[in-house]
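Following: one structure in structure tokens, then a few remarks.
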Amino acid sequence: MDFGKIVGLFDREFFVGYLNPVLIFGFQLFIIGQAFQTDLLFGLVDGLDQLVTVAAVALIAVSLSVTLMIAGPLSLLFVQGYVLEGVTDGMALIARHRDHYRLRLKPAVEFQERIDKARATGKKEPAPADPAGHQARMREAVENYPDNPGNFLPFMLGNVLRAGEVHPRVVYGLDAVGSWERLQPLLPEAMSAIVAGSRSQLMFFVNLFLLSLVSFVALVWLCLRAGDLETGFVAIALALFGLWAILRLTRLAGRSHMRSVAACYDLYRSKLADQLGLAMPLNASEERQMWIDVTRVFQYRSAKAWERLDAYRKSPEPDNQDKPKP
């Protein structure tokens, strides 16, 4: 057994994104238990020796952290709202996002398209009546929603992550689905560290939110059992505010993570082209067409798209044996 690989699992992301939320979760249970004179934290190992109790709690904490790490992709899908896609309640939430986008943000997006068209044709640019407001609405549209309202998700975090996910496709024609797995191993160490750090922060808040939901359920149950409605109302109100704050921080962390992912495409997509044996075109329209065909190769196993990429193949380097000797 290679113990080095096991130790390698416990990296910075594990401690930040998974173990820390579990420790905070334990502290939440301890505070709730103290408030209601109930041992929620050590009740599972009651009656054991003190040293054995500490070891058992530590083992439970590590085991729960590893479980969260294994279930990380599913947890992320859950808090994005994928589980509600196609469900009536989920469709209502999506409709709410679409209405907000249509009424508040779409006019700014369409006005920006008019500005870009005027710049491209050399005509005079139309000036927004409220430049600061226009920039704020454009920023909200780009950072909080994908380009197509048909791809909106029920929860805001899902829309934030999708907004970053569509960046390489909208700008370059390269879809993140299928290309990110190929680009990520090519990133330099410094950029990989930035992406890993932003993902650790995202998973920290995702796991903290999910575990805090469990703490909230325990709090409501104890309040109902105690029958103290006045104290229970204040405690539940504070807990709801805490959940709201964590959810807001989760969105900010998601936005930060997707900025780092977008930066990887902006700075290092040429490395992906190089590894595929392709030369970067000199103009944007040709580059976009190249990445569209690359996307078709990745997503649809299109042999025809791969053949069309012959137009962008790098010239083979001359063999050293063919070079004339001095």
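For the numbers below, each heavy atom of this structure counts, side chains included, while hydrogens, waters and symmetry mates do not. Model, not experiment: these values are computed from the prediction.
Within a 6.0 Å radius of CG in L74, more than 12 heavy atoms belonging to other residues, nucleotides or ligands are found. Shown here is K106, whose NZ atom has no more than 12 heavy atoms of other residues, nucleotides or ligands within 6.0 Å. More than 12 non-hydrogen atoms from other residues, nucleotides or ligands lie less than 6.0 angstrom from CZ of F298. Residue-environment remark: CZ (R248) stays at or below the threshold of 12 foreign heavy atoms within 6.0 Å.
Applying the side-chain contact (heavy atoms from CB on, under 4.5 Å) criterion to N20, with sequence neighbours excluded, gives L23, F204. In this view, L309 and L278, M290, D293, V294, V297, W306, Y312, R313 satisfy the side-chain contact (heavy atoms from CB on, under 4.5 Å) rule, not counting sequence neighbours. Legend: residues meeting side-chain contact (heavy atoms from CB on, under 4.5 Å) with D130, ordered by chain and number and at least two apart, are A132.
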For this session: Apply the test side chain to side chain contact (heavy atoms under 4.5 Å, CB included) to residues R301 and R296: give CA-CA distance (whole Å), side-chain angles for both, the deciding distance (0.1 Å), then the verdict.
Result: CA-CA 7 Å; R301 297 181 300 184; R296 289 170 179 162; over 6 Å; no
For this session: Determine, step by step, whether F25 and L208 satisfy the side chain to side chain contact (heavy atoms under 4.5 Å, CB included) criterion, reporting the C-alpha distance in whole Å, the side-chain angles of both residues, the deciding distance to 0.1 Å, and the verdict.
Result: CA-CA 7 Å; F25 173 60; L208 182 60; over 6 Å; no
Exercise. How far apart are the C-alpha atoms of R104 and D99, what are their side-chain angles, what is the distance that settles it, and do they pass the salt bridge (charged side-chain N to carboxylate O under 4.0 Å, His left out) test?
Worked result: CA-CA 8 Å; R104 174 175 170 79; D99 288 342; over 6 Å; no
For this session: Start with the C-alpha gap between K123 and K117, add the side-chain angles, then the distance that decides, and say whether side chain to side chain contact (heavy atoms under 4.5 Å, CB included) holds.
Result: CA-CA 8 Å; K123 296 181 180 179; K117 185 177 180 179; over 6 Å; no
For this session: Evaluate the criterion side chain to side chain contact (heavy atoms under 4.5 Å, CB included) for residue pair H257 and Q201; output intermediate values, then yes/no.
Result: CA-CA 8 Å; H257 176 60; Q201 293 176 355; over 6 Å; no
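The CG atom of N159 sits 9.5 Å away from the CG atom of N151 when rounded to the nearest 0.5 Å. Annotation: the span from L202 atom CG to N207 atom CG amounts to 9.0 Å, rounded to 0.5 Å. The CD1 atom of I236 sits 11.5 Å away from the CG atom of L243 when rounded to the nearest 0.5 Å. Of the inter-residue distances, the one linking I246 atom CD1 with F241 atom CZ reads 10.5 Å to the nearest 0.5 angstrom. The CD atom of E125 sits 8.5 Å away from atom CD of Q112, with the distance rounded to the nearest 0.5 Å. Between the CH2 atom in W244 and the CG atom in L249 there is a gap of 9.0 Å [rounded to 0.5 Å].
Judged purely by atom type and a 3.5 angstrom limit, N283 uses its side chain to pair as donor or acceptor with the backbone of E286. No donor-acceptor pair closer than 3.5 Å links the side chain of R114 to the backbone N or O of P126. For the pair Q34 (side chain) and F30 (backbone), a donor-acceptor distance under 3.5 Å is absent. Formation of a donor-acceptor pair under 3.5 Å by the R98 side chain with backbone atoms of P149 is found in this model. Between the side chain of H97 and the backbone N or O of P154 there is at least one donor-acceptor pair closer than 3.5 Å.
Other members of the cluster containing L103 do not exist, because no ILVMFWY side chain is joined to it at under 4.5 Å.
At a threshold of 4.5 Å between side-chain heavy atoms, the hydrophobic network of Ile, Leu, Val, Met, Phe, Trp and Tyr places M203 and V214 in one connected group. Hydrophobic clustering (ILVMFWY, side-chain heavy atoms < 4.5 Å, transitive): V142 and I115 are in distinct clusters. Residues I32 and L213 are members of one and the same hydrophobic cluster, defined by side-chain heavy-atom contacts under 4.5 angstrom among Ile, Leu, Val, Met, Phe, Trp and Tyr. V217 is not connected to V22 by any chain of hydrophobic side-chain contacts under 4.5 Å among Ile, Leu, Val, Met, Phe, Trp and Tyr, and they are in different clusters. Hydrophobic clustering (side-chain heavy atoms under 4.5 Å, transitive across Ile, Leu, Val, Met, Phe, Trp, Tyr) keeps V170 apart from M138.
Closest approach of S215 and L29 over heavy atoms only: OG-CD2, 4.1 Å. Shown here for V206 and L157, the closest heavy-atom pair between the two residues is CG2-CD2, 4.4 Å. Here the shortest heavy-atom pairing between R199 and E13 reads NE-OE2, 3.1 Å. Taking each heavy atom of L210 and S75 in turn, the nearest pair found is CD1-CB, 3.6 Å. Here the closest heavy-atom approach between residue G164 and residue M258 is recorded as C-CE, 3.5 Å. Annotation for A253 and F205: closest pair CB-CD1, 3.9 Å, computed over non-hydrogen atoms.
Looking only at atom types and distance, the side chain of S212 has a donor-acceptor partner in the side chain of Q28 under 3.5 Å away. With no hydrogens or angles considered, a side-chain donor-acceptor pair links S260 and S198 at under 3.5 Å. Using modelled atom types and a 3.5 Å distance limit, the side chains of R251 and N144 yield no donor-acceptor pair.
Ion pair E143/R259 flagged as a salt bridge, since at least one NZ, NE, NH1 or NH2 atom sits closer than 4.0 Å to an Asp/Glu carboxylate oxygen. The residues K314 and D274 are annotated as salt-bridged, a charged nitrogen and a carboxylate oxygen being separated by less than 4.0 angstrom.
Within the 4.5 Å cutoff, the side chain of L105 has heavy atoms near those of the H100 side chain. Put simply, the side chain of W291 reaches to within 4.5 Å of the side chain of E287, judged on heavy atoms. Proximity of F155 to V79: side-chain heavy atoms (C-beta onward) are nowhere separated by under 4.5 Å. Counting only heavy atoms from C-beta outward, the side chains of V261 and E165 never approach each other to under 4.5 Å. The shortest side-chain heavy-atom distance between Y101 and V109 falls under the 4.5 Å cut-off. Looking at F36 and L219, their side chains come closer than 4.5 Å, going by heavy atoms from C-beta outward. Using a 4.5 Å heavy-atom cutoff, the side chains of L153 and I94 are not in contact. Using a 4.5 Å heavy-atom threshold, the side chains of C264 and M191 count as touching.
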List the atom pairs, donor and acceptor, that lie under 3.5 Å between side-chain atoms in residues 171-184 and the rest of the protein, sequence neighbours left out.
unit_1: Y172; atom_1: OH; unit_2: D266; atom_2: OD1; d: 2.7
unit_1: D175; atom_1: OD1; unit_2: V177; atom_2: N; d: 2.9
unit_1: D175; atom_1: OD2; unit_2: Q299; atom_2: NE2; d: 3.4
unit_1: S179; atom_1: OG; unit_2: D175; atom_2: O; d: 2.5
unit_1: S179; atom_1: OG; unit_2: A176; atom_2: O; d: 3.4
unit_1: S179; atom_1: OG; unit_2: Y265; atom_2: OH; d: 2.8
unit_1: W180; atom_1: NE1; unit_2: Q184; atom_2: OE1; d: 3.2
unit_1: R182; atom_1: NH1; unit_2: G178; atom_2: O; d: 2.3

Name each donor-acceptor pair under 3.5 Å that joins a side chain in residues 55-71 to protein atoms two or more places apart or in another chain, with its distance.
unit_1: S63; atom_1: OG; unit_2: L59; atom_2: O; d: 2.8
unit_1: S65; atom_1: OG; unit_2: A61; atom_2: O; d: 2.8
unit_1: T67; atom_1: OG1; unit_2: S63; atom_2: O; d: 2.8

